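Okay, so here's the structure we're looking at.
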Amino acid sequence: MRLTRRDALAVLAGLGVTGGAVSLTQFDPPTADSTGKEGGSTGEDGASGDDTPPTAVRDTMAAAAEVVYPSAAEGVSEFVETYVVGRARDDSRRAAMVDAATELDDVARDWEGAAFADLPAADRDRLLRELGVDAADPVPDGTLSERLRFHVVNELLYAFYASPTGGRLVGIENPIGHPGGAESYRRATMDEPETTDSGGETDG
Amino acid sequence: MDRTPVADADVCIVGAGPAGGLVAHRLAESGAAVVVLEAGPRFDGDRREQLEQHVRPGLDGPWEMGGPRDAFSSSGESFYPLNAARVKGVGGSTLHWQGMVMRLHERDFELDTRHGVGADWPVGYGDLRPHYAAAEREFGVAGAADNPYAPPRDEPYPLPAFRPSHSDSIFAEACERLGIDMHSVGNARNSEPYDDRSPCVGYGTCKPVCPSGAKYTAESHVEKAEAAGARVIDRARVRRLEHDEAGERVVAAAYTTPDGETHRQEATQFVLACGGVENVRLLLLSDSDRYPDGLANSSGAVGRYFMDHLFAGMGGRLDRPTRQNHVGFNTSECHQFYDDADPVNGLKLEFLNYAGPSPVIDALHADTWGDDLLDQLDESYGTHVSMGALVEQLPREDNYVGLDRETTDDLGDPVPEIHWSVDEQTEAALSRANEIQARVLDELGVEDRWTVGPDETGPAYHHMGTTRMGDDPESSVVDAECRAHDLDNLWISGSSVFPTGGAMNPTLTIAALSLRLAESLRAQLG
Ligand SMILES: Cc1cc2nc3c(=O)[nH]c(=O)nc-3n(C[C@H](O)[C@H](O)[C@H](O)COP(=O)(O)OP(=O)(O)OC[C@H]3O[C@@H](n4cnc5c(N)ncnc54)[C@H](O)[C@@H]3O)c2cc1C
Ligand code: SF4
């Protein structure tokens, strides 16, 4: 399954981040989403100025996403790029997310001798687990592992599983947090159009 | 912000939930000078912040409940989680509520006459009927007249009902075979645009927050009251009502603002609308030489007969997709057993659209990620079903709200004490609800079953009965108009006036009584 920039924008819109660098219309039509021009998109999003997290942070987040997301996910870096840039527009989050990702990168350089994003996926996964991030409670201003859980792992998991594409992977195209309309709950399957009124309407 | 008192107020309303908001709106519209004092803040700004606070672990709760301001004690056999059961702020507990709304049944107003239990109300369904219709218009209730057990009504609902869910259609197969009827749920939630608010867009987080504004909150009426000239002062905690020398009238509400200043708001009429717990607390804190047991309490009934609805539930899993957690509200319920006499307690069944876990919320709590996590979510999501029920608890003198004089809040005032337990008769009614639920789930072949019955039950967060209405000043606190027997100009709005609680979520009845109260109070203003 392929994640698109549009998916990231949908999650951001659910979180109230719209307009400017992350406007939904900017990337219309959807086919433009998957052109995959890393540099180009960064340039556009970067137009909002100081909000944009440094490239190293975006790379670290994308590298973390590759292990945090199921292996079936494609288009991860573009999706994460869009999400992280949008998320960083929230002043209350940007600094803490940048700090956490930077610290993760520093640990990778100290312990493994390479940038987090340059490590093989298995080593990234191991490093996060060695830091206790899997078992840590997410705490926005907690210990390093707690902050990594909140600002890196859970930020990424939220983006994924609150998006219709991520949700679909587990059978729900309108996950909690996503304003996916008041019709999907009536359908028998993800793809089928509406069911007929076999439910309450025959009753009472 | 200026939080000083308003000069020449006709009406001072304490509390800006639906009970206060509706009265404020009606009176302000009629030209009265209205001031509303609200203990909590205005939650301005983007509701999606609250959405994230709800979904993501590690953030504070969305409505800032539970600090020193909200201290309480629970002394009964059953712990009462008061701060999960209310919100303080403009909009009151409707900020958090689920928003299912239905009228009480006719029998609820005359339980004593019909069955020799509980108490009769001094008003009947017929008295409230037009006010129920008005309340449905105020809330913008989505519903359908498809419920043969509901009390009679003259007019359609203002909005069409939300149509049944896929999950309802699964239940319908079993219910049809068992002869159990299903009908639509009244929802204070826009199925279409209404009252300048969005239709439902499926965020799925109705309780505790609807980011789209489709779910009704009393913020609507507070805002309309302000547009009609009312003044609303937030973060104004009323700590005492003062009366005149004769003890006949309330003359002022003393309130403290965040800067620590205490002010006195004078007015001609006073309306208490703080919810079923804080109404009691304020009356008891307002004791005086003239009224040593608290204001409006010559009957001794203030705080007594505290009731809530009890939850009974059952669920499990099927071998097919059940499509849960797309929306955060229900679309079908069953009133068929509500009026039964054995047990006499009212009982309403619900078919849930949010059974089992939500993948996104599970993911954020998981202790792994990647493909492992996906496997876990695949296993945990997709095939759950569950039924809920609300069960009536009859009024008992020994369930009460009082003051815990040993414990004080951050202003130094004694905190409310909830003394609550669940009696055997209510337990029997919970078992009855479980029996019916088990029949349905058996018929469906539901496995991995869980039950919430008499041993696991908890309250539905409806605080009722603590300033009961009645004709007799010896045994009740307010009269049929919701005016205190003891004081000429003190009115009480909210479910604390319910003599019995039925098993219907209370807020439509609160709204109907509030609109009726506003009419009576308006007549007093001349
Ligand atoms: C989780 C949850 C789900 C619910 N779901 C439903 C549902 O589906 N259907 C339904 O009918 N009902 C539901 N309810 C109940 C519903 O929210 C209440 O019945 C309703 O809000 C009560 O209205 P009220 O105005 O009387 O009190 P509230 O809404 O509680 O408002 C009282 C206000 O008074 C203020 N106040 C208190 N003390 C003071 C003071 N001393 N000075 C100044 N201000 C004060 C408070 O800050 C508060 O804002 C639910 C409640 C909860 C908690
Ligand atoms: S599902 Fe609930 S939270 Fe979402 S838009 Fe509808 S009413 Fe609001």
Side-chain angles (χ1 to χ4, degrees), chain A residues 13-17 66-72 125 128-129 133-135 137-140 142 146 149-150 153-158 160-162 166-167 169-190 194-204, chain B residues 46-49 51-52 55-59 146-149 162-173 175-176 181-184 191 199-205 211-212 321 323 325-328 331-332 353 358-361 363-364 366-371 373-374 377-378 381-382:
Chain A
L15 287 170
V17 184
E66 277 166 14
V67 300
V68 163
Y69 291 175
S71 53
D125 183 85
L128 284 169
R129 290 180 199 271
V133 180
D134 49 351
D137 286 334
V139 183
E146 290 167 342
R149 177 73 200 208
F150 188 90
V153 171
N154 272 10
E155 195 69 71
L156 292 166
L157 287 174
Y158 182 82
F160 187 82
Y161 286 108
L169 211 54
V170 283
I172 180 164
E173 71 280 29
N174 183 15
I176 277 185
H178 175 65
E183 283 301 326
S184 67
Y185 77 93
R186 306 193 55 236
R187 294 185 198 123
T189 66
M190 281 198 288
E194 287 174 29
T195 48
T196 52
D197 291 335
S198 58
E201 298 224 336
T202 54
D203 302 291
Chain B
D46 202 327
R47 277 301 133 82
R48 286 170 284 206
E49 214 173 287
L51 166 90
E52 202 189 351
V55 177
R56 287 193 57 178
L59 296 171
D146 62 353
N147 181 345
Y149 307 98
F162 285 93
R163 291 193 289 169
S165 61
H166 173 64
S167 166
D168 292 337
S169 72
I170 295 175
F171 279 112
E173 297 165 15
C175 287
E176 206 167 300
D181 290 334
M182 294 169 72
H183 8 267
S184 59
S191 57
C200 171
V201 296
Y203 270 100
T205 54
S212 76
R323 309 277 293 155
N325 280 313
H326 288 241
V327 289
T331 39
S332 291
N353 287 334
S358 136
V360 58
I361 294 178
L364 300 173
D367 57 5
T368 189
W369 47 65
D371 288 338
L373 173 60
L374 179 62
L377 300 177
D378 262 340
Y381 176 75

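Small disclaimer: the values here were computed from a predicted structure and weren't measured. Naming convention: chains lettered A, B, ... in sequence-line order (proteins, then strands); numbering from 1 in each chain.
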Under 3.5 Å donor-acceptor, Arg163(B) side chain and Glu183(A) backbone: no

Arg323(B) side chain to Arg186(A) backbone, donor-acceptor under 3.5 Å: no

Out of [options], return the one with the most heavy atom pairs under 4.5 angstrom to chain B.
options: Ile176(A), Leu15(A), Val170(A); answer: Ile176(A)
options: Ala135(A), Ser184(A), Pro175(A); answer: Ser184(A)
options: Tyr185(A), Phe150(A), Tyr69(A); answer: Tyr185(A)
options: Gly167(A), Gly171(A), Gly181(A), Pro140(A); answer: Gly181(A)

For Thr368(B), enumerate each residue passing the side chain to side chain contact (heavy atoms under 4.5 Å, CB included) test, keeping only those at least two apart in sequence or located in another chain. Arg129(A), Asp372(B), Leu373(B), Gln376(B)

The side chain to side chain contact (heavy atoms under 4.5 Å, CB included) partners of Pro70(A) (sequence neighbours excluded) come to Phe160(A), Tyr161(A), Leu169(A), Asp371(B), Leu374(B)

Interchain contact, [X] with chain A, by part (heavy-atom threshold 4.5 Å):
X: Tyr149(B); answer: neither
X: Thr331(B); answer: side chain
X: Leu51(B); answer: side chain

CG-CG distance between Leu157(A) and Leu364(B), expressed to the nearest 0.5 angstrom: 6.0 Å

Is it the backbone or the side chain of [X] that comes under 4.5 Å from a heavy atom of chain B, or both, or neither?
X: Leu128(A); value: both
X: Asp137(A); value: neither
X: Val153(A); value: side chain
X: Tyr158(A); value: both
X: Glu155(A); value: both

Heavy-atom side-chain proximity of His326(B) to Glu173(A) below 4.5 angstrom: yes

Report yes if some heavy atom in the side chain of Val133(A) is under 4.5 Å from a heavy atom in the side chain of Trp369(B); otherwise report no. yes

Who among Thr205(B), Asn353(B), Val327(B) has the most heavy-atom pairs with chain A under 4.5 Å? Val327(B)

Shortest non-hydrogen pair, Pro138(A) vs Pro57(B), comes out as CG-O, 3.5 Å

